[in-house]
Amino acid sequence: VGLAFREAYRQRPGIKLQVDYDLYHPTVAGQYLAASVVYASLYERSPVGNPYDYFGALDADTRAFVQKVADETVRKFFGR
């Protein structure tokens, strides 16, 4: 998950994946990225295209971006 956070920040420096008050706890986007990495790792399936948006709390652009980052990171890490 840490590798995916680093890659997301590299590709989109302004993205908010951690809350401002402690820079430790994840935002909704950070939680979604972490969950997407776990999903892709455990099930060996891409999270890209998953329509779940946490009841509208995650905009479509951010959702698609973190899904892509999770997929790319897991593929690279496992050599898939």
Side-chain angles (χ1 to χ4, degrees):
V1 172
L3 296 173
F5 270 61
R6 183 174 64 190
E7 182 59 22
Y9 282 130
R10 186 188 71 73
Q11 289 185 29
R12 223 181 250 193
I15 193 167
K16 295 287 187 184
L17 299 176
Q18 294 157 295
V19 294
D20 290 332
Y21 61 83
D22 68 1
L23 297 177
Y24 180 75
H25 290 89
T27 61
V28 171
Q31 292 173 34
Y32 198 95
L33 176 57
S36 295
V37 168
V38 171
Y39 173 85
S41 298
L42 290 177
Y43 296 107
E44 297 183 12
R45 295 184 60 187
S46 173
V48 173
N50 184 338
Y52 183 71
D53 64 0
Y54 199 68
F55 305 103
L58 197 62
D59 65 89
D61 180 58
T62 302
R63 183 179 74 233
F65 174 71
V66 297
Q67 287 174 352
K68 178 184 76 75
V69 169
D71 184 51
E72 291 170 353
T73 302
V74 170
R75 287 178 187 273
K76 185 176 179 181
F77 183 81
F78 288 107
R80 297 181 189 156

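When side chains are defined from C-beta on, Ser46 counts as touching Arg75, because their heavy atoms get closer than 4.5 Å. Leu33 places none of its side-chain heavy atoms less than 4.5 Å from the side chain of Val1. Residues Gln18 and Pro26 fail the side-chain proximity criterion, which asks for heavy atoms closer than 4.5 Å. Residues Gln11 and Glu7 form a side-chain contact, since some pair of their non-hydrogen atoms from C-beta on lies under 4.5 Å apart. Within the 4.5 Å cutoff, side-chain heavy atoms of Ser36 are placed close to those of Tyr32.
Applying the 6.0 Å contact sphere to CZ of Phe77 captures no more than 12 heavy atoms from other residues, nucleotides or ligands.
By the salt bridge (charged side-chain N to carboxylate O under 4.0 Å, His left out) test, Asp61 pairs with Arg12, sequence neighbours left out. For Tyr39, the ring pair (Phe, Tyr, Trp, His ring centres under 6.0 Å) criterion is met by Tyr43, not counting sequence neighbours.
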Hey, mind stepping through Glu44 and Phe78 against side-chain contact (heavy atoms from CB on, under 4.5 Å) and telling me if it holds? CA-CA 10 Å; Glu44 297 183 12; Phe78 288 107; over 6 Å; no

Would you check, one step at a time, whether the test side-chain contact (heavy atoms from CB on, under 4.5 Å) holds for Lys68 with Glu72? CA-CA 6 Å; Lys68 178 184 76 75; Glu72 291 170 353; 3.4 Å; yes

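Remark: the backbone N or O of Val69 is paired with a side-chain donor or acceptor of Thr73 at under 3.5 angstrom.
To the nearest 0.5 Å, the span separating CZ on Arg10 from CG on Leu3 amounts to 12.5 Å. Atom NE2 in His25 sits 13.5 Å away from atom CG in Asp20 (nearest 0.5 Å).
When all heavy atoms of Val66 and Ala29 are compared, the closest pair comes out as CG1-O, 4.2 Å. Closest heavy-atom contact between Ile15 and Ala8: CG2-O, 4.1 Å. Between Val19 and Thr27, the closest heavy-atom pair is N-CG2, 3.7 Å.
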Could you pull out all donor-acceptor pairs under 3.5 Å where a side-chain atom in residues 49-56 meets a protein atom, sequence neighbours excluded?
residue, atom, partner, partner atom, Å
Asn50, OD1, Tyr52, N, 2.9
Asp53, OD1, Phe55, N, 3.3
Asp53, OD1, Gly56, N, 2.9

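Val37 is not connected to Val48 by any chain of hydrophobic side-chain contacts under 4.5 Å among Ile, Leu, Val, Met, Phe, Trp and Tyr, and they are in different clusters.
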